[in-house]
Amino acid sequence: MADAIRSYDRDNLIRRIRDTFPAIPINRVRRIADGQNNDVLVIDDAWVFRFPRTLEGARALAREVAVLHEIGANLPLTTPHPELVHTPDGGEAEWFAGYRRIPGRPLTRTRVQRLSPRDLSVLAGQLADFLATLHSEPLSPARRATLPLEDPFIVWSDMLARIERHLFPLMRKDARSAVQAHFSTFLASVGGETLPQALIHGDFGGTNLLLAENSPRVHAVIDWGSAAIGDPAVDYAAASTLHPDLLDLMERHNSAVSAFVDRVSFYTGTFALQEALFGAEHDDREALESGLSNYV
């Protein structure tokens with residue numbers, strides 16, 4: 001892993017918490033996986049501490065802390081509040097942060113697909129209202145300047161080049177042609193065009209949406225490490241993967257969605273490829289094989 005910081009064992013992570021925040025009692029400790037960039041400890045089911053494994057993860061954690069401190073209280077659903085943040089002089093590689101654990105169950109596809117039509121409609125309204133608020137949330141100029149802001153044509157052209165380099169040798173010929181056509185259509189549509197820009201969550205999928213206990217209602221949105229200034233359609237694309245009718249239902253609550261349905265379709269068509277690309281570039285065989293399963 002080219003940008004790896006270092007790997008800590010469980011006892012080392014606990015020691016870092018004790019040394020930095022001695023007032024936090026530590027009795028029961030549970031270590032959980034947290035995607036591609038962090039190690040996570042849950043302390044006594046009361047606190048969650050995140051430790052970046054990579055420089056990319058450290059920068060994402062810094063963005064997450066800054067964004068949540070600025071806008072978390074303004075949003076209609078609960079968000080983490082990083083109360084305990086360690087920012088030593090050694091630089092971003094030593095950052096770690098803790099927040100009070102938010103109870104809830106991840107909004108998995110299985111759980112969404114078991115909802116009644118009425119509950120699914122309510123869920124769509126919750127998500128549409130949340131995204132409408134988030135995407136209209138103003139940021140201070142200083143905070144906005146710290147978030148990633150890139151030309152979509154450059155970003156997606158670069159991603160296609162990396163896919164061609166790392167993944168095409170592993171893919172069927174017809175799959176390669178389909179991927180090239182998928183990207184070419186999108187790149188032709190955005191070339192020279194300015195897409196809408198807003199504060200986006202960047203990973204608005206089911207594992208980052210928590211249902212209230214014993215309820216079909218979403219009450220919290222977690223993991224803000226991918227927050228950026230970008231196309232609002234990215235967040236709708238992530239949400240749309242939870243249920244085939246969810247995007248249409250969200251559009252009933254927010255008619256603005258109709259303007260970027262085509263971009264949602266493009267983004268959803270890249271999710272598996274992004275997973276595979278991460279696997280190829282970070283020597284994660286499981287991610288590589290999972291992402292490529294429909295292309296080989």
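Please read these numbers as outputs of a predicted model, since none were measured by experiment.
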Steps toward salt bridge (Lys or Arg N to Asp or Glu O under 4.0 Å) verdict (Asp44, Arg101): CA-CA 10 Å; Asp44 295 328; Arg101 178 178 172 269; over 6 Å; no
Rounded distance [0.5 Å steps], [atom1] in [X] versus [atom2] in [Y]:
X      : Y      : atom1 : atom2 : answer
Thr207 : Arg109 : OG1   : CZ    : 9.5 Å
Glu83  : Arg100 : CD    : CZ    : 4.5 Å
Arg176 : Leu170 : CZ    : CG    : 10.0 Å

Close aromatic pair by centroid cut-off 6.0 Å: [X] and [Y]:
X      : Y      : result
Tyr99  : Phe49  : no
Trp156 : Tyr267 : yes
Trp95  : His86  : no

Trace of the salt bridge (Lys or Arg N to Asp or Glu O under 4.0 Å) decision for Arg15 with Asp11: CA-CA 6 Å; Arg15 185 161 52 250; Asp11 290 341; over 6 Å; no
From CA spacing to verdict: side-chain contact (heavy atoms from CB on, under 4.5 Å), His69, His81: CA-CA 7 Å; His69 281 174; His81 178 62; 3.9 Å; yes
Using the rule that Ile, Leu, Val, Met, Phe, Trp and Tyr join whenever any side-chain heavy atoms are under 4.5 Å apart, tell me whether [X] and [Y] fall into a single cluster.
X      : Y      : value
Leu160 : Met171 : yes
Phe153 : Leu195 : yes
Ile102 : Trp224 : no
Ile222 : Leu211 : no
Val234 : Leu277 : yes

Intermediate values then yes/no, side-chain contact (heavy atoms from CB on, under 4.5 Å), His135 and Leu199: CA-CA 5 Å; His135 296 156; Leu199 173 62; over 6 Å; no
Gln197 and Asp231: side chain donor to acceptor below 3.5 Å: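 Looking only at side-chain atoms, Asp231 and Gln197 do not form any donor-acceptor pair under 3.5 Å.
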No-hydrogen, no-angle side-chain donor-acceptor test under 3.5 Å, Gln180 and Ser184: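 The criterion, which ignores hydrogens and geometry beyond distance, is not satisfied for Ser184 and Gln180.
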Any side-chain heavy-atom pair from [X] and [Y] closer than 4.5 angstrom?
X      : Y      : value
Phe21  : Phe96  : yes
Leu273 : Tyr295 : yes
Leu123 : Pro216 : no
Thr78  : Val221 : no
Glu251 : Leu247 : no
Arg50  : Glu64  : yes
Ser121 : His253 : yes
Phe204 : Tyr236 : no

Residues Arg252, Val257; criterion side-chain contact (heavy atoms from CB on, under 4.5 Å); working and verdict: CA-CA 9 Å; Arg252 296 180 189 178; Val257 176; over 6 Å; no
Residue pair Leu127, Met250: steps toward the side-chain contact (heavy atoms from CB on, under 4.5 Å) verdict: CA-CA 7 Å; Leu127 299 184; Met250 292 172 76; 3.8 Å; yes
Glu213, CD atom: more than 12 neighbouring heavy atoms under 6.0 Å: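 Correct, the count exceeds 12.
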Heavy atoms from other residues, nucleotides or ligands near CZ of Arg114 exceed 12 (cutoff 6.0 Å):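 Atom CZ in Arg114 is not crowded, with 12 or fewer foreign heavy atoms closer than 6.0 Å.
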Electrostatic pair Arg10:Asp39 at N-O distance under 4.0 angstrom: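 No salt bridge links Arg10 with Asp39.
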